[in-house]
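Bear in mind that the values here come from a model prediction, so they are computed numbers and not experimental data. Note: hydrogens, waters and symmetry copies are ignored here, and every other heavy atom, side chains too, is used.
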Amino acid sequence: GALAFLPDGTTAIMGTLSAVTDAIDRNVTAKSTVLPPDVSAQVTALSSKNDAWFLSTVPVSEFFAGKVADPNLGSALSGNLLQAVLQASGGMKFSSSGVQINGQALARSQKDAEALRDVVKFLAGLVQLNKDQDPHAQQIASLLDTMQVTAQDSTMQLSLSIPEAIMEQLFMPAANHHS
């Protein structure tokens with residue numbers, strides 16, 4: 001995979017190396033990049049609500065194809081459930097109180113969106129069950145208590161608030177030793 005930042009200073013492209021180089025070539029040769037109206041509307045909405053965000057307009061399974069070394073995890077990520085995710089988007093909003101994370105996945109059907117919601121809840125439940133065995137799992141389990149996962153029509157939505165103190169504990173463990 002590859003990641004590139006375009007000269008406009010506001011756009012990053014991520015995907016296979018050939019897809020990224022093709023996108024760079026199109027951007028360099030074009031006087032302006034014109035996105036389809038629906039994608040442009042999604043970009044505008046995401047960027048107005050989030051400090052960092054992403055949008056994938058292709059099935060999520062295409063992104064993970066061949067990128068995970070563990071064969072069991074790789075086959076799980078390319079399985080039927082992720083093939084059902086046609087588009088995904090999400091973002092993070094930073095504030096003095098912490099981080100708000102939101103995401104959504106557009107699935108093929110309501111049944112697929114509900115199955116995806118159930119898998120996310122199941123994985124959160126596994127973390128909850130193992131929280132007594134690992135201090136990091138305890139922190140993550142407390143966060144998962146605030147996570148909301150819903151499915152409506154063919155869209156699964158996820159929302160999670162992470163307080164600043166927990167962000168510091170999770171991502172700056174060295175700082176905890178010096179306090």
Side-chain angles (χ1 to χ4, degrees), residues 1-6 11-27 33-93 99-130 136-137 140-141 143-162:
L3 171 67
F5 294 92
L6 296 180
T11 306
I13 302 170
M14 184 170 72
T16 63
L17 180 58
S18 62
V20 170
T21 55
D22 289 348
I24 291 169
D25 291 342
R26 283 191 305 274
N27 184 272
T33 303
V34 178
L35 296 172
D38 61 325
V39 174
S40 183
Q42 289 175 309
V43 166
T44 300
L46 285 165
S47 64
S48 69
K49 295 177 186 174
N50 298 288
D51 296 315
W53 55 272
F54 75 94
L55 171 64
S56 174
T57 59
V58 297
V60 175
S61 59
E62 287 183 26
F63 178 75
F64 288 112
K67 292 182 178 64
V68 179
D70 182 332
N72 294 325
L73 186 56
S75 61
L77 290 174
S78 62
N80 286 337
L81 187 58
L82 283 187
Q83 288 178 355
V85 179
L86 304 175
Q87 293 185 8
S89 64
M92 296 187 295
K93 182 71 175 174
V99 178
Q100 177 67 37
I101 300 172
N102 293 296
Q104 67 178 17
L106 176 63
R108 294 180 296 211
S109 66
Q110 181 174 350
K111 183 178 175 183
D112 288 335
E114 290 169 350
L116 186 59
R117 174 204 59 207
D118 294 344
V119 167
V120 170
K121 287 183 173 185
F122 172 76
L123 293 173
L126 287 178
V127 172
Q128 296 282 7
L129 286 174
N130 292 307
H136 280 58
I140 293 171
L143 292 175
L144 295 177
D145 288 338
T146 67
M147 181 176 70
Q148 295 182 7
V149 184
T150 60
Q152 184 175 4
D153 298 325
S154 59
T155 303
M156 190 252 351
Q157 296 205 13
L158 179 140
S159 175
L160 177 67
S161 295
I162 305 175

### Summary
Residues Ala107 and Ala113: closest non-hydrogen pair is CB-N, 3.7 Å
### Message
Looking only at the side chains, is there a donor atom on one of Gln100 and Ser161 sitting less than 3.5 Å from an acceptor on the other?
### Response
yes
### Task
Would you check if Met92 and Asn50 make a side-chain contact, meaning some heavy-atom pair closer than 4.5 Å?
no
## Note on the structure
In this structure, NZ of Lys121 is separated from CG of Leu144 (nearest 0.5 Å) by 12.5 Å
#### Entry: Pairwise distance CG(Asp118) to CE(Met156) - rounded to 0.5 angstrom
10.5 Å
### Task
Quick one: do Phe54 and Leu46 satisfy side-chain contact (heavy atoms from CB on, under 4.5 Å)? Show the steps, please.
CA-CA 8 Å; Phe54 75 94; Leu46 285 165; over 6 Å; no
#### Entry: Any Leu3 side-chain heavy atom under 4.5 Å of Val20 side chain
no
### Query
Out of curiosity, Asp153 CG to Glu114 CD, how far, rounded to the nearest 0.5 Å?
9.5 Å
### Message
Rounded to the nearest 0.5 Å, what separates atom CD1 in Ile101 from atom CD1 in Ile162?
### Response
3.5 Å
### Task
Return yes if some donor-acceptor pair links the side-chain N/O of Gln128 with the main-chain N/O of Ala141 below 3.5 Å, else return no.
yes
### Query
Rounded to the nearest 0.5 Å, how far does CZ of Arg108 lie from CD of Gln83?
7.0 Å
### Summary
In terms of heavy-atom contacts, Leu106 and Ser154 come closest through CD1-OG, 3.4 Å
### Summary
For Ser56 and Val58 the tightest heavy-atom approach is OG-O, 3.0 Å
### Summary
Distance col, row Arg117:CZ vs Thr155:OG1, nearest 0.5 angstrom, shows 12.5 Å
### Message
Quick one, Gln157 and Asn102 - any side-chain contact, counting heavy atoms below 4.5 Å?
### Response
no
### Query
What pair of heavy atoms forms the shortest contact from Ala45 to Ser48, and how long is it?
O-OG, 3.0 Å
### Query
So which pairs with a foot in residues 46-55 pass salt bridge (Lys or Arg N to Asp or Glu O under 4.0 Å), sequence neighbours left out?
Asp51-Lys93
### Message
One pair to check against side-chain contact (heavy atoms from CB on, under 4.5 Å): Ser89 and Trp53. What are the steps and the verdict?
### Response
CA-CA 7 Å; Ser89 64; Trp53 55 272; over 6 Å; no
